[in-house]
Structure formats: C-alpha cells, structure tokens
Amino acid sequence: EEFYQYEVEEIPAIIRNIPAGYDGGEFVGPWAAQEKWQLEALENDSTQLERRFKCGEDDDGKNIKVKLRHFLRYAEENQDDSPLYIFDSSFENDRKGRQLLKDYTVPSYFSDDLFRLVSESRRPPYRWWLVGPKRSGTCVHIDPLATSAWNTLIVGRKRWVLFPPHLSKSVVKGSGLVRDDEDDEAIHYFSFILKRIKRKATLMKGMPKYKDFCCYEFTQYPGETVYVPNGWWHAVLNITDTIAITQNFCSPRNFDKVWMKTRTGRKRMAWKWLCALEKEYPDLAARAKAMNERDNFAMKYDPVEIEKRERAEQERRAEAKRRREEERKKREEAASSQESSSPDTKGKNECNGNKDEEDVDDDDSGSEDVSGSDDESSSSSSSSSSSSSSSSSSSTEESKRKRSRISSPRSTTETPP
C-alpha cells in the first residue's frame, strides 16, 4: 500500500533485492533465475539452448529468430555498434519457453494486472525475456496503451534515462538535433543525442517548449527492479551483457488512462475486458462506462451499439432505395411527357412551314416588278445625266410604264408608250 502512492502520483522508483527473495517487506524466497539465468548456466542449459528467440525484425517487419546457442556465441564475440537484442514475448507458447516462467515471480507491488482478465491470445504482448549484449538497447519511447512497466535485472548493468510525461515527443527525441547520416540507435542516442538535448534545454529554458525540462539518468544493477509509470518517456542502454525480465501492467491506480487508450486502440479486446470487469471489478466497470458516457463514446462491439448501427444502416439503405425509385419515376414521367407532346409539335412545325412558303411566294411575286422598275429607273437616271431635255420626257414615259406594269402585273404584252 505504501508503494501504491508512487503509482497514484506517477513517480518512478527503484526497488532492490526482489530476486533475492525480499518482496513487500517480507522474505518469500529467491528466484530460481538468480542462478539459472547466469550466462554460464544458460550455456549448459540444453533445453533453452535449442529454442529460438526473437532478436529483431527484417525490412518487411517479419520476426528474426535465432537459437539461444548461436546468440550467446554471437554476444561473446560481438563488436557491432548496434548489436542484435533478444526481446522475446512468446516464450510462454511452448514447453521450453514456459520453463522460464517458473524461474521468477511477479513482484507483489505489480500483482494487480487487470489485463489478466482477458485471454492470453487477446491481450497485447506484455512480458519479455531480455538478453542484451553490451551497446544494445532501446531508443526513447513510452509504453503502449498507457500501461506502466517494471524491469528486473539479473545479469549486467543498464543505463537509463527517463523524461516526465509533460515533455513533447520532439523534445525527448531531439528533433532537429539529429543529422541525416546519424543512426537511430540506443548507443548513439546516449552518446550524442541526449547531450545535445540537455544542452539545448539549458539554452532555451525560457521557451514554452522547454519549460520545466528535466530528465533522470541512473544505472541499474543486478537485483534491482525499475518501476516506470505510464506516460514516462524512457530509453535504455546495456552497458555490459545483460539478462532481465520485464512486464507491462494495468492496475486500478492507472486504470482510467489505460481504459481510454484501450477502447480506441484495441476495440474488440476492450469490450471483452469490460464484460470481465463487470464480474470481477464492478466498480472499475462502472468507471469505464462513466468515462464512455462523459466522452459520448460508443463501443464498437457492444451488442446495443451493433444493433443501432445495423438499424441505421437499414434505414440508410431504405432511404437510398426510395430516392432511386423517385428518380426512376421522374425519368419515366419526363419521357412519357415528351412522347405525348411530339405529334402536336410536328403539326405546328408543318403549319409554320406552309405559312413561311406562302410568305415567300408573295414576296417573290411583288419583288420581280419592283426590281425591274428599279433597273429602269436606274437606266433613266443615267440617261438624264447626258441631256436635260430628254431626261424630262423619259422620266414621264417611264412613270407611265411603271404605273402600267404595277396595275397589270400578269400582262404578257406591254402597250407601247
């Protein structure tokens, strides 16, 4: 209960002598791992030597596994700047790996693992057996789903750095401080990037981004257990060859933050988890439901929500069908209206055509004589320019001829002037 205050206030801690058997202020017996996980003991463990452990991923994200026998030989001869690192979470899946589970006990401080209510197949990876050659490690990160973590070291020494949750990702990762030709590896982070981050924080301490900047660096020794609260950024470097065990967990103290992450990050598991909580921890289930109601959050796999979505989908499809039917009827009515009006339109066009033809005939009958008179008038005007006396008589004669033509347009014989 005294330790729970560290959880509530989210304060990192180091607990000593748990593997030696001292847990919760009492002596409960040492871990078998104290002896069986020593490098010399593992080199003679025929069961574990032939088992394959995950030590990385290829460019396609597929696991790279190697027999422990070969990895121990590699670690002994290791000269890599960034060595391979056994970080295996599936050792409970086979008989050889399950032997490791018998070699340690979850410390009483972290026994409230609420994810245990979910089946092993559904819960995300949460425990890892670690074999790290010197210079290997993990770059700065926070643990998934807002979980907290504990890490117990059996062999070797680890260097840690922790940043509080209020610092941004860009600050703790050294955004703008990493050159293009530099690797994103733990050894490089501790050797160069971390120093640049602290130097810049000192120079920019008046800026909001670096307000209340702080970090905690320390070395972990064999027999020590490091507690990392949820949301704390951390990076780890193996100073020597190391062997450790680590687990992520959710307790009633950090439940609220874990629930809000899990309900969106692991939707199916969250629903199964809520059902289990209602039976085992009804108070926590009530808290989860209250948070959902507060945030107006609907759980995807809640049967009530599933029914609502199905009903809404049926209504949507019915509405879409109704609209399609209306559009079809409108098209049919438009086509029918066009067909019924087309004969009248044709008749009107024909009548208009006949009327136009009659107008053309009338125009032609009158324009022929008028044009003729124009030509003659033009001729008369031309001759008047040559003689003024003849123009007067010609004009008179032309006027008589014009009147004669206009009065009897169908005459075939003209009366001479």
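Side chains are part of it too, since the values below use all heavy atoms of this structure and drop only hydrogens, waters and symmetry mates. Source: prediction; values computed, not measured.
Evaluation of the side-chain hydrogen bond (donor to acceptor under 3.5 Å, both in side chains) test over residues 283-293, restricted to residues two or more places apart or in two chains, returns Asp256-Arg287, Trp259-Asn292, Arg263-Asn292, Glu278-Lys289. Judged as a salt bridge (Lys or Arg N to Asp or Glu O under 4.0 Å), not a single pair has a partner in residues 135-150 (not counting sequence neighbours). Within the structure, every pair that satisfies the side-chain hydrogen bond (donor to acceptor under 3.5 Å, both in side chains) test and touches residues 299-311, not counting sequence neighbours, is listed here: Arg268-Tyr301.
Note: Tyr74 and Phe71 have tilted aromatic rings, judged against thresholds of 30 and 60 degrees for the angle between ring planes.
Figure legend: cation-pi geometry between Arg51 and Phe91 absent, as NZ or CZ is not positioned both under 6.0 Å from the six-membered ring centre and within 45° of its axis.
Formation of a donor-acceptor pair under 3.5 Å by the Thr240 side chain with backbone atoms of Gly156 is not found in this model.
Remark: Leu194 CG to Glu217 CD distance equals 5.0 Å, nearest 0.5 Å. Interatomic distance, SG of Cys139 versus CH2 of Trp233, reported as 12.0 Å (0.5 Å rounding).
Using a 4.0 Å cut-off between a side-chain N of Lys or Arg and a carboxylate O of Asp or Glu, Lys329 and Glu333 do not qualify as a salt bridge. Between Asp88 and Lys65 no salt bridge is recorded (no basic side-chain N to carboxylate O distance below 4.0 Å). A salt bridge links Arg16 to Glu224: one of the charged nitrogens lies within less than 4.0 Å of a carboxylate oxygen. Remark: Glu76 does not engage Arg73 in a salt bridge, criterion side-chain N to carboxylate O under 4.0 Å.
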**Report entry** Chi angles and distances behind the side-chain contact (heavy atoms from CB on, under 4.5 Å) call for Ser170, Lys209
**Finding:** CA-CA 9 Å; Ser170 62; Lys209 189 175 182 179; 3.2 Å; yes
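With 3.5 Å as the limit, one finds no donor-acceptor pair spanning the side chains of Lys134 and Asn238.
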